[in-house]
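Everything on this sheet refers to the single structure shown next.
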Amino acid sequence: MPVGVLCAVQGAAEAALVQAVEGDGRLAVTRRCADVVELLAAAEAGLGRLALVSAELDGLDRDAVAALHHAGLRVVCVADQDRPWLTDRLAACGADLVVPPPGDPGAARDVVGRAGALLDAPDRVPDRVTGPVAPARRGRLVAVWGPTGAPGRTTLAVNLAAEIAALGRSSLLVDADTYGGAVAQVIGLLDEAPGIAAAARAAAAGTLDVAALARLAPVASQGLRVLTGIARADRWPELPATALDALWAVARSLVDLTVVDTGFGLERDEVLSYDTRAPQRNAATLSALAAADVVVAVGAGDPVGVARLVRGLADLADLGLEGARLVVVNRLRAAATGPDPHRAVADALARYAGIGEVLVVPDDRAACDAALLAGRTLRECAPGGPARKAIAALAARLATLVPAR
Ligand SMILES: Nc1ncnc2c1ncn2[C@@H]1O[C@H](COP(=O)(O)OP(=O)(O)O)[C@@H](O)[C@H]1O
Ligand SMILES: [Mg+2]
């Protein structure tokens, strides 16, 4: 039985390509699609294994290419001679092959032959981490995650990124919390538009490169760039996983260390999972965790916080996200955990979560409040305070991931 080809090519090339497919004994056109919506519907219905698409097709972005791949198709993109930049864009979006528009039947046969050859190639590796640009240097990525209950993800992410910059590693702080990003406010940035939404849009369109990301992530202080988040929680659909996967790859080229402040939720929207294109609220968090070289898992230093952390660590493991991980208990205080708080939380996490090493950040209300009030970091506001000292020590550990310049 011939292999099905979905054809969503516009203009004169369409007829030539359809004819060439029909002339190829192995292939047959199973659907001629007018737009991306029809193409994706046919792909998800299992009607083909090869998609021939025009570069200028509306809505053909990284997410659409990923959905085609997910449905088991190879994607061959026919470039537009008048708009050569579309070629780079489509390659960046993950197309398997970008070909020039065929000018005559011979060229059309040639295109179809090359497209057909893709089917013989070994299965493609899912493109979770391939970015639009080959990273010139491979910076590292740290995701700061913690369960619900405000354990101090943002405080940790902001101050870790600032400390790492102070240690001479360039850092990028990304607010990827889809439940109420607060990074801009915490570090006193005037946030006119969420940088991460703009970066995700560019990544989806295949136009996010190092220069574009640098423009969207202003320098907050020496060595520290910030990509602000979505403060309005209803904007979460603007952060799809496919776009963020690409963002992390570009971030690695821009800076030595990217620190991502994530949301707390880890569950997938199972109800919607039949629809691979449906946005997922926790996609940003899951994408950051999957990409991270190290996950900093932070819990609050009280009995409820520690219990939530134990469950959260199990959830991370269930998702296969238990790679390199540092467990931090924040706001640790004797009043909530007993006379030897470090020992108490270390024992509980060893017993219930099998954690060998627990790092702690003491409760330091005065310093954290002063920092919040001033919109500054702890190292600026309370450099000698206990919270700052503990976070600086953690940053020094993370900085060993990347060599000093
Ligand atoms: N070590 C600490 N000592 C005292 N207060 C802290 C500490 N860490 C965080 N906080 C405070 O706890 C609150 C929640 O912290 P935040 O970082 O916003 O949590 P999350 O991002 O997890 O929701 C903030 O008011 C913050 O200043
Ligand atoms: Mg937060």
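Just so you know, ligand 1 is whichever comes first in the structure, and atom 1 is the first atom listed for that ligand.
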Practice task
Using the salt bridge (Lys or Arg N to Asp or Glu O under 4.0 Å) rule, take Glu163 and Arg388 through it: C-alpha gap first, then chi angles, then the decisive distance, then the call.
Solution key: CA-CA 9 Å; Glu163 297 290 349; Arg388 188 262 158 165; 2.9 Å; yes
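- Proximity of a side-chain donor or acceptor of His342 to a complementary backbone N or O of Val358 within less than 3.5 Å is detected.
- The closest protein non-hydrogen atom to atom 3 (N) of ligand 1 is Asp364 N, 2.8 Å.
- In the displayed structure, Gln19 atom CD is contacted under 6.0 Å by at most 12 heavy atoms of other residues, nucleotides or ligands.
- For the Mg ion (ligand 2), the set of nearby N, O or S atoms under 2.8 Å includes none belonging to Thr155.
- To the nearest 0.5 Å, the span separating CG on Leu224 from CD1 on Ile164 amounts to 9.5 Å.
- Side chain of Arg376 to backbone of Cys381: no donor-acceptor contact under 3.5 angstrom is found.
- Listed for the Arg379 side chain is no donor-acceptor partner under 3.5 Å among the backbone atoms of Thr377.
- Among protein heavy atoms, atom 25 (O) of ligand 1 sits closest to Arg365 NH2, 3.4 Å.
- Closest protein heavy atom to atom 18 (O) of ligand 1: Thr154 CB, 4.0 Å.
- Closest protein heavy atom to atom 12 (O) of ligand 1: Arg331 NH1, 3.3 Å.
- Near Asp363, with a cut-off below 4.0 Å to any heavy atom, the atoms of ligand 1 are 3 (N), 4 (C).
- Counting heavy atoms under 4.0 Å from ligand 1, residue Asn330 touches it through the side chain alone.
- A cation-pi arrangement is not found for Arg311 relative to Tyr352, the charged atom failing to lie both closer than 6.0 Å to the ring centre and inside a 45° cone about the ring normal.
- In this structure the side chain of Val327 reaches within 4.5 angstrom of the side chain of Leu309, judged on heavy atoms.
- Distances from ligand 1 to the non-hydrogen atoms of Gly146 include no value under 4.0 Å.
- For the ligand labelled ligand 1, residue Pro362 lies inside the 4.0 Å heavy-atom shell.
- Contact annotation: for Asp261 versus ligand 1, there are no heavy atoms closer than 4.0 Å.
- Interface atoms of ligand 1 facing Arg153, defined by a heavy-atom separation under 4.0 Å, are 17 (O), 19 (O), 20 (P), 21 (O), 22 (O), 23 (O).
- In terms of protein heavy-atom proximity, atom 15 (O) of ligand 1 is nearest to Thr155 OG1, 3.6 Å.
- Checking only distances, Leu372 never comes within under 3.5 Å of ligand 1, N or O to N or O.
- Between Ser287 and Trp248, the side chains place a donor N or O and an acceptor N or O closer than 3.5 Å (distance only, hydrogens not considered).
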